[in-house]
Amino acid sequence: MESVDRLVVQEKTGAAEGVVALTLARPGGGRLPDWAPGAHVDLTLASGATRQYSLCGDRWDAHRYRVAVLRELDGRGGSAFVHDELAVGDTVGFGGPRNHFALVPSTRYLFVAGGIGITPLLPMVHQADLVGADWALLYGGRSRATMAFADELARHGDRVTVHPQDEGGLLPLASFLAGAGDDTVVYCCGPAPLLAAIEDATAHRPPHLLRTERFVAAELGAPVRDEPFVLELARTGATVTVGPELSVLEAARRAGATALSSCEQGTCGTCETPVLAGVPDHRDSILADHERAAGDCLFPCVSRSCTDRLVLDL
Amino acid sequence: MTATTTPPATPPATPPATVPALDVDPFSHETLEDPLPMQEALREAGPVVHLPRYDLFAVARYAEVRAALVDWQRFPSSAGVGMSNFRHEEPWRPPSLLLEADPPHHDAPRAVLSAILGPRALRRLTDRWFADAEDLVAGLLDGAGATVELDGMTALAEAFPLRVFPDAVGLPPEGREHLLPYGDHAFNAFGPSNDLVAKGAPRVGELSAWVASQCAREVLTDDGFGAAIWAASDRGDITPAQAPLIVRSLLTAGVDTTVHGLGAVLHGLATHPEAWATLRARPERARVAFDEAVRWQSPVQTFFRTADVDVPIGGTVVPADRKILMFLGAANRDPRHWADPDRFDLDRDPSGHVGYGMGLHQCVGQHVARLEGAALLTALARRVERLEPAAAPVRHHNNTMRAFASLPLRLHLDGVTGPSPGRGRGGRRGR
């Protein structure tokens, strides 16, 4: 069976000054897990750092994901690696997709993007257009040259306002949001100061009408390992070494466990298994951040171990 | 069932010469009584088969069924998942926001319901349902003697879901007897407009009106799945107009399917004494037993999709706008995928069966069904030493479901592991 926890870089192209777009696929070309606008994937780059990137491609293409990566100014870690070293044909570790920023049904949307925060909003505006919603996008950035995907957005005409700071100053949030009624959901993704500004500007509105996602530069969680780890099945005491070519689920079955599963891509939830010791490396689409942090269960069809020993209630 | 509102955009194309044709009727009473010979014929005829009787394309092998199920992009559901093509025919009821919807409209209802019916959300029900199952079984077995004969359908497979599921949704006590006939008709309506659909037609208005009336916020308790759906509407995750239709999905798809899943596993265990012995020795296999029964009997036998474009599959092309019938039950017994597929076997790993579907539309209630199955089987395994058929089971014919009308069982009670005398309501032994 094809490895479910790695993706291969099919294309790498410049999307703007300091931004590269990656096209990712299964190494064997199989279907990728389904996703919806607002979803992100966890990519594990060399050095074991896991970073989250919003999916900004076409969900009707079941075989390719697109993400866009900004070179961060402090220049270390994941983004520099993606820009300087990652090449077409290389593989990266993969988890998800997960979605904490879903597009809720509405007849009217206002979208506000700051810089690389355009990435989750890009499929959202395509979808708003598809369902015939009334929508507008205000897209800010440092300068026009740094703003990715402005060309793709041009086809939406005057629904899209591209607002580079060096030409027009700060985003005119007040005037953009002026017409928002109780039928309008506002979506915003960008750096912390933009999110603070939009929270101020919408403070008088019901809170569920503002949906935000912060562009997080921080690296997350414990470092992921590529080295084999030992899986221990608590009910029988059996142990098995799990190398990179084997899923935890498959390893557990080889060690004699009965582990019911279904989708085997971290989506359906059937194989949820309690973790008794060790730190799981979560790759599923199901758990929220606080559930991941609890570390008390995992989905062995896709998830792995950050520690050299993982004990499961199997 | 349906009224043709517009003629098909194009006359039916002659199927490609490469597609074998098979003159079978999946919806005849003869087939519904025993679909297995037809399923084998379909699987052996080819990866894609044309059914001239209904001018349909069909897939019955595991690989093609699974491929069609997950490919929502090219085999969408919004044109209906029954024989009727909603692009040309008026549906008999407002379409489901889940089953009969595609992305993007499918996204929000699915996300909301997945969370409400997910394994972590169900943990709060686990202890209660296991206790309810013990209570149901005690009520049947206490003081009944060394052996008990009962109808496994009415006494167990129907009784348990009807006891726990409507409460979990938050329905009022009155009118719950409408749930099974409504579900039976809804699953018949996915098939052709045959006598089974006609049989249900006189009550459709009454049953639909009752179901619709149960979906309102003020009718539902404030702590069930229904209230959680309405809370999602308050949060703006779905619209207030969507909430009642999502509750309706629970009432349509959440009862009959589980009933016949339980019927399937009881039939499997009664006819395979070694499987019952395995379950007795290892009750933690109850969940696997339930899924093995869902594979083996496939309570939901079939669903349709509609080709959105010309779709290459199985060496041929299903033309755009044509219906494709996916035989989940046949895929679950495809010897290309399963060893000894006709055998109900608790030592088998049934993972990956398509009894709940697969992909974006995979049964959102599967964790609820498994929990009901595990609770009931665990309670029975504690009290029943041996289980056997008391008479031949009687099939119930439905255009979509493989079902039983009655399942006469004889239960030989355990003299050792029952509750201790004087403790609770299970004080008397069954001998």
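The sequence lines fix the lettering, A, B, ..., with proteins before strands; numbering per chain opens at 1.
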Task: Aromatic ring pairing H156(A)/H126(A), orientation class (parallel under 30°, perpendicular over 60°, tilted between) - done: tilted
Open item on the list: Ring-plane angle category for H353(B) and Y356(B), please: parallel below 30°, perpendicular beyond 60°, tilted otherwise.
Closed with: tilted
Task: Residue, of I238(B), D71(B), V112(B), V288(B), that accumulates the most heavy atom pairs under 4.5 Å with chain A - done: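 When all of I238(B), D71(B), V112(B), V288(B) are compared, D71(B) has the most.
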- [ ] Between chain A and each of D107(B), V364(B), L360(B), D347(B), count heavy-atom pairs under 4.5 Å; write down the option with the most.
- [x]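 With the most close heavy-atom pairs to chain A, the winner is D107(B).
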Salt-bridge present ([X], [Y]; N to O < 4.0 Å):
X       : Y       : value
D308(B) : R87(B)  : yes
E292(B) : R295(B) : yes
D102(B) : R305(B) : no
R283(A) : E264(A) : no

Task: Residue selection (most heavy-atom pairs with chain B, distance under 4.5 Å) from N99(A), V104(A), L103(A) - done: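 Most pairs with chain B among the choices: V104(A).
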Open item on the list: Among L287(A), I286(A), T270(A), which residue has the highest count of heavy-atom pairs closer than 4.5 Å to chain B?
Closed with: T270(A)
Heavy-atom contact with chain A under 4.5 Å, split by part of [X]:
X       : answer
R66(B)  : side chain
D237(B) : both
D234(B) : backbone

Measuring heavy-atom distances to chain B, does [X] have an atom under 4.5 Å in its side chain, in its backbone, in both, or in neither?
X       : value
L130(A) : side chain
A62(A)  : both
T267(A) : neither
R59(A)  : both
E291(A) : side chain

Open item on the list: Contact between E100(B) and S77(B) at the side-chain level, heavy atoms closer than 4.5 Å - yes or no?
Closed with: no
- [ ] Indicate yes or no: at least one non-hydrogen side-chain atom of Q73(B) is less than 4.5 angstrom from one of D34(A).
- [x] yes
